[in-house]
Amino acid sequence: MSLNHSPETQTKLIARVPSITGRELPEWFQAIDNGPAFLRCDERANWLADEHGLTHGYAAAIVFEHERHRRNRMGFI
């Protein structure tokens, strides 16, 4: 599974997360932060999909967005 969507696809997936999943992104970010300490993004996406019944496309988009926000919080570009 690839975690690399086009920027357009990523934007569209993230915009639909609340309506598709019933949860806002901060809730998903908290689930990732409180979940198992996987080192790789694909492991986190697989866990998120399996544990919460998401498609892998949405799980990957959420994990990618979580990583992007984490890097921004830590001051990385």
Side-chain angles (χ1 to χ4, degrees):
M1 173 188 69
S2 173
L3 294 184
N4 299 319
H5 297 116
S6 71
E8 297 84 18
T9 300
Q10 177 69 16
T11 299
K12 289 177 183 178
L13 287 170
I14 290 302
R16 289 192 300 248
V17 163
S19 63
I20 296 294
T21 68
R23 294 171 79 177
E24 298 292 329
L25 279 178
E27 294 175 77
W28 288 115
F29 293 170
Q30 186 174 18
I32 293 169
D33 290 339
N34 293 335
F38 295 115
L39 294 177
R40 295 179 17 209
C41 288
D42 63 333
E43 292 173 325
R44 284 193 292 277
N46 286 333
W47 170 79
L48 201 61
D50 294 343
E51 185 71 18
H52 296 280
L54 299 173
T55 66
H56 284 281
Y58 280 104
I62 292 167
V63 168
F64 181 83
E65 198 70 13
H66 177 263
E67 285 298 305
R68 191 175 69 78
H69 281 261
R70 187 181 64 80
R71 284 192 306 269
N72 288 342
R73 283 191 316 260
M74 297 179 81
F76 298 122
I77 297 176

query: Can you name the residues that form a side-chain contact (heavy atoms from CB on, under 4.5 Å) with Thr9, not counting sequence neighbours?
result: His5, Ser6, Leu13
task: Could you grab the distance from atom CD of Glu43 to atom CG of Leu48, nearest 0.5 Å is fine?
output: 13.5 Å
- prompt: Sequence neighbours excluded, which residues qualify as ring pair (Phe, Tyr, Trp, His ring centres under 6.0 Å) partners of His52?
  reply: Trp28, Trp47
query: Where is the tightest heavy-atom contact between Val17 and Tyr58, given as atom of each residue plus distance?
result: CG2-CD2, 4.0 Å
statement: Arg23 and Ala31 have their tightest heavy-atom pair at NH2-CB, 4.1 Å
query: Can you name the side chain to side chain donor-acceptor pair (under 3.5 Å) partners of Asp33, sequence neighbours left out?
result: His66
- line: The reported gap from CD1 in Ile14 to CG in Leu25 (rounded to nearest 0.5 angstrom) is 5.0 Å
- request: May I have all residue pairs that pass salt bridge (Lys or Arg N to Asp or Glu O under 4.0 Å) and include part of residues 5-18, sequence neighbours excluded?
  value: none
query: What pairs meet the salt bridge (Lys or Arg N to Asp or Glu O under 4.0 Å) rule with one or both residues in residues 57-67, with sequence neighbours excluded?
result: Arg44-Glu67, Glu65-Arg68, Glu67-Arg70
field: Within-4.5 Å side-chain heavy-atom neighbours: Ile20 and Thr55
entry: no
message: Within this structure, what is the CD-CD1 distance for the pair Glu51 and Ile32, rounded to the nearest 0.5 Å?
response: 12.5 Å
Which residues share a side-chain contact (heavy atoms from CB on, under 4.5 Å) with Gln30, sequence neighbours left out: Asn34
